[in-house]
Amino acid sequence: MKLLHTSDWHLGRSLYDRKRYHEFEAFLDWLIRFIGDEHIGLLLVSGDIFDSTTPSNRAQELYYHFLSRLPSTGCRHAVITGGNHDSPTFLDAPKNLLGALNIHVVGAMTGNPEDEIIVLKDKNGENEAIVCAVPFLRDRDLRTVEGGESPDDKTQKLLQGLEQHYREIAALAQKFQDSNSPVPVIGMGHLFTRNAITTEGDGVRELYIGSIAHVDGNRISGGFDYMALGHLHMAQRAGGSEIVRYSGSPIPMGFAESTQTKQVIVADFQGSAPVINEHSVPCFLKLVAISGDTGSVSERIGELKAANTEAWLEIEITSPAPASELTSHFDELLKGSRMEILRIKNRNIVNIALAPVAENETLDDLDDSEVFSRCLDAFKITEPLERRILTETYREAIDSMVNEDTNAI
């Protein structure tokens, strides 16, 4: 069994309102060729297939076109799990049809744990692998709410619920093993592990209320020969384990990820332990972040233009300059190039002590958490515990809104 692990495609995601369908299409075309060339037998996609619970028609077309081509590559099986950005009911709707193509979909946790156990058969009908296809587990899947709970109580319940679920699934998988001919047991998950690395501005949000609700990767990996994780956009080992992996997103989701090498992971089960290899994904459109004074930024743009670079640019200016002058200056500089500026930021404005009525401040300079913090300041709520409780309550409301599956209605 040779498997490929990928996740966090975020089909339909835009960057500063610019559509990126050409990049997603190029990646999926590359992935189809790679699966065929590498003779992959099992494809694992660990959540966040789409960027929204209501994906556009174009995003859906890319997804289904990819799946329709998968059997022609020689890939025998695929397992797709839902992430926190996905609509469980949307993913699950065609599962019976996709199942006829040996494409298994688990959009969300159900009342039956066996729904997450997928036993893959070879052409002779013998067990080939057992996949524990654990999707993104929502707060309501993991804990019951009790009156008077503190934020720490909630966090502990979440961690205990996550760990308990994986123990139960791993134990259940053993019931499907043939003791005379055991096969690999592969775990999946869409979660945030302790000490994992994120990148500022990558769009990865906390999955549960309370930033310490990060599970220990070593406490959920028992009983698995490989764990294919999703949610974090930077490829990495969870807890330093060779077999507990995040594949990361296949294309940079923002300029903060522009210097990362994107990859897919191939695990080859030919013996008792898998041979794991990381394979780089080509860059389909270069993202370049440039910071400095007007002169140094102009010089860097000149170098990229001379190299005939095709790229989207994000520019941060550290020297005083009116916005109108910056825009006209760089528009002129980019004439005849294959580059486009998506955003110009002025660091001098950002460095101003921001106040709700700051002259140059816009909501674009703040995220929702910063806006809420400003509201607390405006109402003179300074006591730490009160601020913490109100902030947790606010984040719980936002989490409920974000994770609401509108397709279930």
For Y63, which residues count as a ring pair (Phe, Tyr, Trp, His ring centres under 6.0 Å) partner, sequence neighbours excluded?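 For Y63, the residues satisfying ring pair (Phe, Tyr, Trp, His ring centres under 6.0 Å) (neighbours in sequence not counted) are F50.
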
According to ring pair (Phe, Tyr, Trp, His ring centres under 6.0 Å), who are the partners of H5, at least two apart in sequence or on a separate chain? Y226

[Y] side chain reached by [X] side chain, heavy atoms, under 4.5 Å:
X: Q177; Y: V185; answer: yes
X: L333; Y: S298; answer: yes
X: L159; Y: Q156; answer: yes
X: K157; Y: K154; answer: no
X: L287; Y: L15; answer: yes
X: F136; Y: D48; answer: no
X: T53; Y: F90; answer: no
X: T73; Y: F34; answer: no

Applying salt bridge (Lys or Arg N to Asp or Glu O under 4.0 Å), which residue pairs with at least one partner in residues 114-124 are found, sequence neighbours left out?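 Passing the test, one end in residues 114-124: no pairs.
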
With sequence neighbours left out, which residue pairs that include part of residues 178-193 fulfil the salt bridge (Lys or Arg N to Asp or Glu O under 4.0 Å) condition?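 Residue pairs passing salt bridge (Lys or Arg N to Asp or Glu O under 4.0 Å), neighbours aside: none found.
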
Quick check on R219: does its CZ atom have over 12 non-hydrogen neighbours (other residues, nucleotides or ligands) under 6.0 Å away?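 For R219, atom CZ is not crowded (no more than 12 foreign heavy atoms under 6.0 Å).
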
Is it true that, when you exclude N124 itself, more than 12 heavy atoms of the residues, nucleotides or ligands shown sit nearer than 6.0 Å to its CG? yes

What pair of heavy atoms forms the shortest contact from [X] to [Y], and how long is it?
X: D51; Y: G12; value: CB-C, 4.3 Å
X: V45; Y: M188; value: O-CE, 3.6 Å
X: A238; Y: L229; value: CB-CD1, 4.1 Å
X: V106; Y: P135; value: O-CB, 3.6 Å
X: M339; Y: L334; value: CE-CD2, 3.8 Å
X: I118; Y: A133; value: CD1-CB, 3.9 Å

Donor-acceptor check, side chain of [X] to backbone of [Y], threshold 3.5 angstrom: yes or no?
X: Q60; Y: P55; result: yes
X: K305; Y: K335; result: yes
X: S46; Y: A228; result: yes
X: S249; Y: P252; result: no
X: E314; Y: I290; result: no
X: D225; Y: I186; result: no
X: D92; Y: G107; result: yes
X: D141; Y: M109; result: no
X: S7; Y: G230; result: no
X: Y246; Y: T193; result: yes

Distance (rounded to the nearest 0.5 Å) between [X] [atom1] and [Y] [atom2]:
X: L44; Y: H104; atom1: CG; atom2: NE2; result: 11.0 Å
X: S179; Y: Q174; atom1: OG; atom2: CD; result: 11.0 Å
X: I341; Y: Y16; atom1: CD1; atom2: OH; result: 12.5 Å
X: L4; Y: C75; atom1: CG; atom2: SG; result: 8.5 Å
X: C283; Y: F27; atom1: SG; atom2: CZ; result: 13.0 Å
X: I32; Y: H65; atom1: CD1; atom2: NE2; result: 8.0 Å

How far apart are the C-alpha atoms of R338 and T309, what are their side-chain angles, what is the distance that settles it, and do they pass the side chain to side chain contact (heavy atoms under 4.5 Å, CB included) test? CA-CA 6 Å; R338 298 197 299 158; T309 303; over 6 Å; no

Quick one: list whatever passes salt bridge (Lys or Arg N to Asp or Glu O under 4.0 Å) with E299, sequence neighbours left out. none

Let's go through K286 and E310 carefully: what are the C-alpha distance in whole Å and the side-chain angles of both, what is the deciding distance for salt bridge (Lys or Arg N to Asp or Glu O under 4.0 Å) to 0.1 Å, and is it a yes or a no? CA-CA 7 Å; K286 196 173 183 63; E310 181 179 6; over 6 Å; no

If we ignore angles and hydrogens, is there a donor and acceptor under 3.5 Å between the side chains of [X] and [Y]?
X: S181; Y: E126; answer: no
X: N84; Y: H190; answer: yes
X: Y21; Y: S56; answer: yes
X: K262; Y: Q260; answer: yes
X: Q263; Y: H279; answer: no
X: R387; Y: S373; answer: yes
X: S221; Y: Y166; answer: no

Pair L101-L67, side chain to side chain contact (heavy atoms under 4.5 Å, CB included): steps then yes or no: CA-CA 9 Å; L101 301 174; L67 295 182; 5.9 Å; no

Side chain to side chain contact (heavy atoms under 4.5 Å, CB included), that's the test. Do F176 and I117 meet it? Break it down for me. CA-CA 9 Å; F176 294 89; I117 305 294; 3.8 Å; yes

Just do the side chain to side chain contact (heavy atoms under 4.5 Å, CB included) check on L158 and D139 with the steps written out, would you? CA-CA 7 Å; L158 285 168; D139 190 306; 4.0 Å; yes

Please identify each residue that fulfils side-chain contact (heavy atoms from CB on, under 4.5 Å) with E25, with sequence neighbours left out. D29, R58, L62

Taking the ring centre of each residue, are H22 and F284 less than 6.0 Å apart? no

Walk me through whether S328 and D331 qualify under side-chain hydrogen bond (donor to acceptor under 3.5 Å, both in side chains). CA-CA 5 Å; S328 59; D331 283 347; over 6 Å; no

Pair E316, R343 - check salt bridge (Lys or Arg N to Asp or Glu O under 4.0 Å), show working. CA-CA 8 Å; E316 182 180 65; R343 191 184 189 195; over 6 Å; no

Apply the side chain to side chain contact (heavy atoms under 4.5 Å, CB included) test between I49 and each candidate in L11, T6, V105; give the one that qualifies. L11

